[in-house]
Amino acid sequence: MAKYNMEKFEQGLRELGIQLEQRQIDQFLAYYELLVEWNKVMNLTGITEFDDVVAKHFLDSLSLVKAVDVRQANTLLDVGTGAGFPGIPLKIAFPHLSVTLLDSLNKRLKFLNCVIADLQLTDIVTIHGRAEDFARQKEYREQFDLVVSRAVANLSTLSEYCLPYTDISGKFISYKSGKIQEELEQAEKAIGLLGGRLKEDIRFDLVGTEGRTLLVIEKQRRTPKTYPRKAGTPAKEPLGVKKAE
């Protein structure tokens, strides 16, 4: 394994109050090398420089600790996981978590399964499909303490994807950047319809990143059986968002 300047990673971990053992650090480095290698033949990320991956993928994923005590959670679902963010960094840092990674693109899951095998991670699975479909299955619906997503979609759409998976008293946490006030206001109705309540929005800068926000949505009551709507509809017709004239 190549040698890397770990200064930014160590600084970010200190800012987050996370301590890792050497084995966990080695897992992050192995993950980075797999990401770069696979990225040569498939589009996983536009970010490949080590310090940038550390800041914008690894530390950003781990910033979940600013919103919840991850040690108190048992089950986590990452919706639209892509190249494994935030699910795999969270699994590495908090090995007790039972993690499920959901993505609609099978070739990305092949990469993730390679990462899981090479890093010798246990109690972590990948599922291939659309969020709207698995949310109707009994083994997934309202079964997770934490549901997280860094996927690029408006909050109304993400809430319809994610809140059906969130257990009562669990939390759905959306990773966001930039100005989000209008998006928050538009999503308020959808969140309520789906059984949730916006608890707080946590805004912060982390080493190498600026203007990040974690939107913490508590699940207060069961999501009505009518949600999520059929595949494709939440993205095309977000709940509570008026269509442009």
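Since the model is a prediction, treat every value here as computed from it, not as a measurement.
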Enquirer: Is the shortest heavy-atom distance from the side chain of Lys110 to the side chain of Met42 under 4.5 Å?
Expert: no
Enquirer: Are the side chains of Val65 and Phe94 in contact, using a 4.5 Å heavy-atom criterion?
Expert: yes
Enquirer: Assess whether atom CD of Gln24 is packed by more than 12 heavy atoms of other residues, nucleotides or ligands within 6.0 Å.
Expert: yes
Enquirer: Aromatic contact between Phe9 and Tyr4, with the criterion being ring centroids under 6.0 Å apart: yes or no?
Expert: no
Enquirer: Please examine the side chains of Leu112 and Ile124, heavy atoms only from C-beta on, and report whether any two atoms are closer than 4.5 Å.
Expert: no
Enquirer: In terms of ring plane angle, is the pair Tyr140 and Phe144 parallel, tilted or perpendicular, where the classes change at 30° and 60°?
Expert: parallel
Enquirer: For residues Thr126 and Arg108, determine if any side-chain heavy atom of one lies less than 4.5 Å from a side-chain heavy atom of the other.
Expert: no
Enquirer: What is the minimum heavy-atom distance between Pro86 and Val148, and which atoms define it?
Expert: CG-CG2, 3.6 Å
Enquirer: Of all the heavy-atom pairs spanning Arg141 and Pro228, show the shortest one and how long it is.
Expert: NH1-CD, 3.7 Å
Enquirer: Taking atom CG of Leu59 and atom CD of Gln11, what is their separation to the nearest 0.5 Å?
Expert: 9.0 Å
Enquirer: Find out if a path of hydrophobic residues (ILVMFWY) with successive side-chain heavy-atom gaps under 4.5 Å connects Leu109 to Tyr165.
Expert: no
Enquirer: Cluster question for you: counting only ILVMFWY and a side-chain heavy-atom cut-off of under 4.5 Å, with indirect links fine, are Leu64 and Leu102 together?
Expert: no
Enquirer: Identify, with sequence neighbours excluded, every residue that meets salt bridge (Lys or Arg N to Asp or Glu O under 4.0 Å) alongside Glu37.
Expert: Lys40
Enquirer: Check this for me, if you would: do Arg150 and Asp60 make a salt bridge, where the nitrogen-to-carboxylate-oxygen distance has to be below 4.0 angstrom?
Expert: yes
Enquirer: Under the side chain to side chain contact (heavy atoms under 4.5 Å, CB included) rule, what do Ser149 and Tyr161 come out as? Steps first, then yes or no, please.
Expert: CA-CA 10 Å; Ser149 183; Tyr161 290 159; over 6 Å; no
Enquirer: Checking Phe172 against Leu158 for the side chain to side chain contact (heavy atoms under 4.5 Å, CB included) test, could you report, in this order, the C-alpha distance in whole Å, the side-chain angles of both residues, the deciding distance, and whether it holds?
Expert: CA-CA 9 Å; Phe172 156 47; Leu158 283 174; 4.0 Å; yes
Enquirer: Hey, any chance Phe85 and Leu119 share a hydrophobic cluster, counting ILVMFWY side chains that come within less than 4.5 Å of each other, even indirectly?
Expert: yes
Enquirer: Using the benzene-type ring in the case of Trp, are the ring centres of Phe58 and Tyr31 under 6.0 Å apart?
Expert: yes
Enquirer: Do Ile202 and Ile180 share a hydrophobic cluster, counting only Ile, Leu, Val, Met, Phe, Trp and Tyr and linking them when any side-chain heavy atoms are less than 4.5 Å apart?
Expert: no
Enquirer: Would you check, one step at a time, whether the test side chain to side chain contact (heavy atoms under 4.5 Å, CB included) holds for Leu35 with Phe111?
Expert: CA-CA 8 Å; Leu35 178 70; Phe111 163 70; 4.0 Å; yes
Enquirer: Would you say that more than 12 heavy atoms from the other residues, nucleotides or ligands in this model lie under 6.0 Å from the CD of Gln120, or not?
Expert: no
Enquirer: Hey, is the main chain of Leu239 close enough, under 3.5 Å, to the side chain of Ser156 for a donor-acceptor pair?
Expert: yes
Enquirer: Is there side-chain contact between Leu20 and Ile92, with at least one heavy-atom pair below 4.5 Å?
Expert: no
Enquirer: Do the side chains of Leu97 and Val79 join up, straight or via other hydrophobic residues, at under 4.5 Å, putting them in one cluster?
Expert: no
Enquirer: For Ile47, is there any backbone N or O sitting under 3.5 Å from a side-chain donor or acceptor partner on Asp52?
Expert: no
Enquirer: CG of Asp78 to OG of Ser61: how many Å apart, nearest 0.5 Å?
Expert: 8.0 Å
Enquirer: So, for Leu193 and Arg221, which heavy atoms are closest and what is the spacing to 0.1 Å?
Expert: N-NH2, 4.4 Å
Enquirer: With a 4.5 Å cut-off on side-chain heavy atoms, are Gln137 and Gln143 touching?
Expert: no
Enquirer: For a side chain to side chain contact (heavy atoms under 4.5 Å, CB included) check, start with the C-alpha distance between Glu188 and Leu198, then their side-chain angles and the critical distance, and finish with the verdict.
Expert: CA-CA 8 Å; Glu188 190 175 352; Leu198 179 67; over 6 Å; no
Enquirer: What pairs with Asp205 under side-chain contact (heavy atoms from CB on, under 4.5 Å), at least two apart in sequence or on another chain?
Expert: Glu210
Enquirer: Could you tell me whether Arg130 and Glu132 make a salt bridge, using a distance below 4.0 angstrom between a side-chain N and a carboxylate O?
Expert: yes
Enquirer: Tell me whether the count of non-hydrogen atoms from other residues, nucleotides or ligands lying under 6.0 Å of CZ in Arg229 goes above 12.
Expert: yes
Enquirer: First locate atom NZ of Lys199, then atom CG of Leu214, and finally report the distance between them rounded to the nearest 0.5 Å.
Expert: 12.5 Å
Enquirer: Identify the heavy atoms of Ile25 and Met6 that sit nearest to each other, and give their distance.
Expert: CG2-CE, 3.6 Å
Enquirer: For the atom pair OG (Ser63) and CZ (Phe204), what is the distance rounded to the nearest 0.5 Å?
Expert: 3.5 Å
Enquirer: Is there a donor in the side chain of Thr81 and an acceptor in the side chain of Asp103, or the other way round, less than 3.5 Å apart?
Expert: no
Enquirer: Counting only heavy atoms not in Glu7, do more than 12 fall under 6.0 Å of its CD?
Expert: no
Enquirer: What is the distance from atom CG of Asn43 to atom CG of Leu105, rounded to the nearest 0.5 Å?
Expert: 10.0 Å
Enquirer: Check for a donor-acceptor pair, side chain of Lys219 on one end and backbone N or O of Leu163 on the other, with a separation under 3.5 Å.
Expert: yes
Enquirer: Could you tell me whether the side chain of Thr166 reaches within less than 4.5 Å of the side chain of Thr223, counting heavy atoms only?
Expert: no
Enquirer: Would the distance check show the side chain of Lys66 and the main-chain N or O of Arg203 forming a donor-acceptor pair, the cut-off being under 3.5 Å?
Expert: no
Enquirer: Is there a donor-acceptor contact under 3.5 Å from the side chain of Asp167 to the main chain of Asp145?
Expert: no
Enquirer: Please examine the side chains of Leu90 and Leu62, heavy atoms only from C-beta on, and report whether any two atoms are closer than 4.5 Å.
Expert: yes
Enquirer: Which pair of non-hydrogen atoms, one from Ala55 and one from Lys8, has the smallest distance, and what is that distance?
Expert: CB-CD, 4.3 Å
Enquirer: To the nearest 0.5 Å, what is the distance between CG (Leu184) and CD1 (Ile191)?
Expert: 7.0 Å
Enquirer: Is a donor on one side and an acceptor on the other found under 3.5 Å between the side chain of His96 and the backbone of Ala73?
Expert: yes
